[in-house]
Amino acid sequence: MARRWPLSRRAPTNRTETPHSDPPVLAPPAAAAPQPGAYWLTDTDFLARLHEATLTVLDLVDNVMYDDMTLVEALAGVCDHASDMLGIPPAFASLVEAEASAQIVESAGLPVGSPFGPVIAAGLTHIEGLDIEEQQRLVQAAARRYALTHRTPTTSARPRAAQPLPPAAPSNHQPGRNP
């Protein structure tokens, strides 16, 4: 049976308590996260937000693991309970979860493949068998490495327009004659 997130470390919600009522009252929803440009893989600002969201997920997973949650329990809970903290549209939360999972598996020195293949799942299963302290150490290592090696894209990293090809060399070929 999957454990529920502990109350002491539960990700913040939209609930606020009024001083004279017992049940919590829902606060107005936060503004929706901006959508990516025409194609998200070419939108450098959105890619930077995905990068930051991945760092946030790694940090949140590390924090909730202090309550003896396993890696998989923490990963499953973070995107469910904290998607509003990621600053990206909810449709992209699974992508961030997959990137964070891949970074953790890689920090264990295990092979990483497509998030749709069996390699990351096998890596997570292997890590899940380690003690919680070792799982947490791998999450911390993944966060440090990801912050250092996966720089957020900048405007200078935008692809440049293709350079025009040089003019073709003049040909000595005359029409009607084979070379």
Side-chain angles (χ1 to χ4, degrees), residues 3 5-6 8-14 30-37 39-160:
R3 278 198 262 171
W5 272 43
S8 64
R9 296 276 185 178
R10 184 168 297 213
T13 65
N14 275 352
Q35 295 292 320
Y39 184 57
W40 65 273
L41 277 174
T42 60
D43 183 340
T44 56
D45 294 333
F46 187 70
L47 292 176
R49 288 186 8 235
L50 288 175
H51 175 80
E52 290 303 317
T54 303
L55 288 172
T56 300
V57 165
L58 289 168
D59 186 49
L60 289 170
V61 166
D62 178 33
N63 285 332
V64 300
M65 288 184 74
Y66 281 110
D67 290 322
D68 291 331
M69 293 184 80
T70 66
L71 173 63
V72 172
E73 290 170 338
L75 278 168
V78 165
C79 284
D80 288 343
H81 294 289
S83 62
D84 57 327
M85 293 175 58
L86 300 180
I88 58 170
F92 289 89
S94 293
L95 184 62
V96 169
E97 182 179 327
E99 176 66 7
S101 298
Q103 294 302 316
I104 295 165
V105 169
E106 189 176 343
S107 75
L110 300 171
V112 178
S114 166
F116 308 117
V119 178
I120 292 177
L124 289 174
T125 300
H126 171 78
I127 294 169
E128 186 81 358
L130 303 173
D131 62 52
I132 299 242
E133 292 79 19
E134 182 63 14
Q135 293 178 37
Q136 190 171 19
R137 189 189 68 70
L138 291 171
V139 171
Q140 293 164 352
R144 282 191 305 273
R145 190 187 70 254
Y146 189 71
L148 294 173
T149 61
H150 293 80
R151 300 286 182 196
T152 57
T154 62
T155 53
S156 63
R158 290 181 192 231
R160 293 183 298 181

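Taking CD1 of Ile132 as the start and CE of Met69 as the end, the distance is 9.0 Å to the nearest 0.5 Å. Taking CG of Leu60 as the start and CG of Leu55 as the end, the distance is 11.0 Å to the nearest 0.5 Å. In this structure, CG in Leu95 is found 4.5 Å from CH2 in Trp40, a value given to the nearest 0.5 Å.
Residues Leu124 and Leu71 approach most closely at CD2-CD2, 3.7 Å, considering heavy atoms. Minimum interatomic distance between Ile120 and Pro115 (heavy atoms only, all atoms of both residues): CD1-CA, 3.9 Å. The shortest heavy-atom contact between Val64 and Ala74 is CG2-CB, 3.5 Å. Closest approach of Met65 to Thr70, counting heavy atoms only: CE-C, 4.2 Å. Scanning both residues, Gly87 and Arg49, for their nearest heavy atoms gives O-NE, 3.0 Å. In terms of heavy atoms, Leu58 sits closest to Val139 at O-CG1, 3.4 Å.
No donor-acceptor pair under 3.5 Å is formed between the side chain of Gln103 and the backbone N or O of Tyr146.
With sequence neighbours excluded, the residues forming a ring-ring contact (aromatic ring centres under 6.0 Å, His included) with Phe46 are Phe92, listed by chain and number.
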Contacts table for residues 107-114: side-chain donor-acceptor under 3.5 angstrom, sequence neighbours left out:
| unit_1 | atom_1 | unit_2 | atom_2 | d |
| --- | --- | --- | --- | --- |
| Ser107 | OG | Ile104 | O | 2.6 |
| Ser107 | OG | Leu138 | O | 2.9 |
| Ser114 | OG | Phe116 | N | 3.1 |

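The only option from Val61, Asp59, Thr54 that meets the side-chain contact (heavy atoms from CB on, under 4.5 Å) definition with Val57 turns out to be Val61.
The stretch residues 122-136 participates, sequence neighbours left out, in these salt bridge (charged side-chain N to carboxylate O under 4.0 Å, His left out) pairs: Glu134-Arg137.
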